[in-house]
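See structure below.
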Number of protein chains: 2
Amino acid sequence: MVVEKKVNQVVDSVEGDPPQRWGFELPLLLFTGFRSLIDQLHEELADHGYPDLRPAHGFAMQAIGPDGVTASELGRRLGISKQAAGKTVDRLAAMGYAQRVADPRDARRKLVRLTPRGLDALTLSAAVFQELRGQWAERLGNGRLTELEDALESVVGPAGFRLDAAGWFGD
Amino acid sequence: MVVEKKVNQVVDSVEGDPPQRWGFELPLLLFTGFRSLIDQLHEELADHGYPDLRPAHGFAMQAIGPDGVTASELGRRLGISKQAAGKTVDRLAAMGYAQRVADPRDARRKLVRLTPRGLDALTLSAAVFQELRGQWAERLGNGRLTELEDALESVVGPAGFRLDAAGWFGD
DNA sequence: TCTTTTCGACAACCACATTGACCACCCTAA
DNA sequence: TTAGGGTGGTCAATGTGGTTGTCGAAAAGA
């Protein structure tokens, strides 16, 4: 990559107008948008009886899915060790969002399944996201919103979304 | 918020086409875009002699800024305790990106400043982001990219960007 | 059947945050 | 001028969520 050139470009334009927009604005805008949606989601969730859910829990429950998974598989999906996944399940179970059930077809396995409460939280989340998208559509106009979504998809690809976001940021 | 209505809407359309796009795609697209930019940034940083930098370090260094801050103020900006901020500074200092200097005007304070190496990393990051934005512009066309940025800004506002992203996600 | 792999658990450990306590220092008002 | 309150930095204890290592039981494959 020709970054050296860019260094001078950036340094030079400190005294002047940005070419169009600074490059660093893009990730910040994306992150701020994401964060605002997630924060609003959890406000709604709290108001509707799920005050203890955190963003990471949503990813975990999404990774469990409607059919359930083993703790090992959950670890793979979340990008953490199976032991850490087991502890995550413990926490979700203690909060009443998940449970372990023995797998009759494989005595080693214990399937992690969402409880009805867990499924409800997921259903509500989907509805809140739909509502929030509606608010964006109101503000931007449906066309601009769709273009935004399409543009993003064409850059990042429709590639299956990664759920291993928990420790990714970490120090 | 009229979420109850949305629940049925979402449940109903499980058997059918999404209204346009599912609401949950929007946050995922935003996050995936953000993540892809950050991942590529850190690939570049690693290739240019900064292999030990993690995303969270970038936020911390950004919070320190070119003028330096006290550890307490750093804690406020990052949304963590001053003790945790102090440890973060210890880590950055151990890696050679920051240093503490006594403040001659206030004997209590120790100013945290970026080292030349830290400043270089920040400058390089800005250049990489500029380059990455160029790649997006190539793929989308400059017009569509600018529209994307403008649309995002009009939703989340030009409000100063929050740096307290580290523990925000957390479990 | 024998070997290898997989699953879930237990234990020890580590990284990074927390709270609480403390002293040194600045600032201001009596 | 001095007493008090607020602020800055550090130490200590603790909590949480992750890691690796190990293990026995069970499944899968040669």
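To find a chain, count down the sequence lines: A is the first, B the second, and so on, and within it residues start at 1. The structure presented is a predicted model; accordingly, all values stated were derived computationally and were not measured.
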Kindly say if [X] contacts the phosphate of [N], meaning a side-chain N or O under 4.0 Å from OP1 or OP2.
X: Thr88(A); N: dG18(D); answer: yes
X: Arg54(B); N: dC16(C); answer: no
X: Arg105(B); N: dC27(C); answer: no
X: Ser72(B); N: dG9(D); answer: yes
X: Ser81(B); N: dT18(C); answer: yes

To the nearest angstrom, how far is [X] atom [atom1] from [N] atom [atom2]?
X: Lys110(B); N: dC23(C); atom1: NZ; atom2: C1'; result: 13 Å
X: Asp164(A); N: dG18(D); atom1: CG; atom2: P; result: 13 Å
X: Asp103(B); N: dG8(D); atom1: CG; atom2: P; result: 11 Å
X: Arg108(A); N: dA28(D); atom1: CZ; atom2: C1'; result: 8 Å
X: Phe169(A); N: dA17(C); atom1: CZ; atom2: P; result: 12 Å
X: Leu74(B); N: dT7(D); atom1: CG; atom2: P; result: 18 Å
X: Trp168(A); N: dA15(C); atom1: CH2; atom2: C1'; result: 19 Å
X: Asp90(B); N: dA15(C); atom1: CG; atom2: C1'; result: 13 Å

Tell me if a side-chain donor or acceptor on [X] pairs with a main-chain N or O of [Y] at a distance below 3.5 Å.
X: Gln99(B); Y: Thr115(B); result: no
X: Glu73(B); Y: Thr70(B); result: no
X: Arg109(B); Y: Ala102(B); result: no

Which value, rounded to the nearest 0.5 Å, describes the distance between Leu26(B) atom CG and Arg133(A) atom CZ?
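Reported to 0.5 Å precision, the distance equals 7.5 Å.
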
Result for 5'-nearest mapping on DNA chain C, choosing between Gln83(B) and Ala166(B), is Ala166(B)

Which nucleotide wins on minimum distance to the side chain of [X], given the candidates [options]?
X: Ala107(B); options: dT18(C), dA9(C), dC26(C); answer: dC26(C)
X: Arg91(A); options: dG8(C), dG17(D), dC7(C); answer: dG17(D)
X: Lys82(B); options: dA17(C), dT10(D), dG8(C); answer: dT10(D)
X: Arg109(B); options: dT19(C), dA27(D), dG8(D); answer: dG8(D)

(request) May I ask you to decide if the ring planes of Phe169(B) and Phe34(A) are parallel, tilted or perpendicular, using 30° and 60° as cut-offs? (result) parallel

* Classify the side chain of Lys87(A) versus the base of dT19(D) as yes if they form a donor-acceptor pair under 3.5 Å and no if they do not. => yes

| query | If you look at every strand shown and take non-hydrogen atoms under 4.0 Å, does Ala84(A) touch a base, only sugar-phosphate, or nothing? | reply | base

Q) Salt bridge check: are Asp150(A) and Arg21(B) linked by an N-O gap of less than 4.0 Å? A)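 Counted as a salt bridge, because a side-chain N and a carboxylate O are separated by less than 4.0 Å.
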
By nearest-heavy-atom nucleotide on DNA chain D, the more 5' of Asp106(A) and Ala85(A) is Ala85(A)

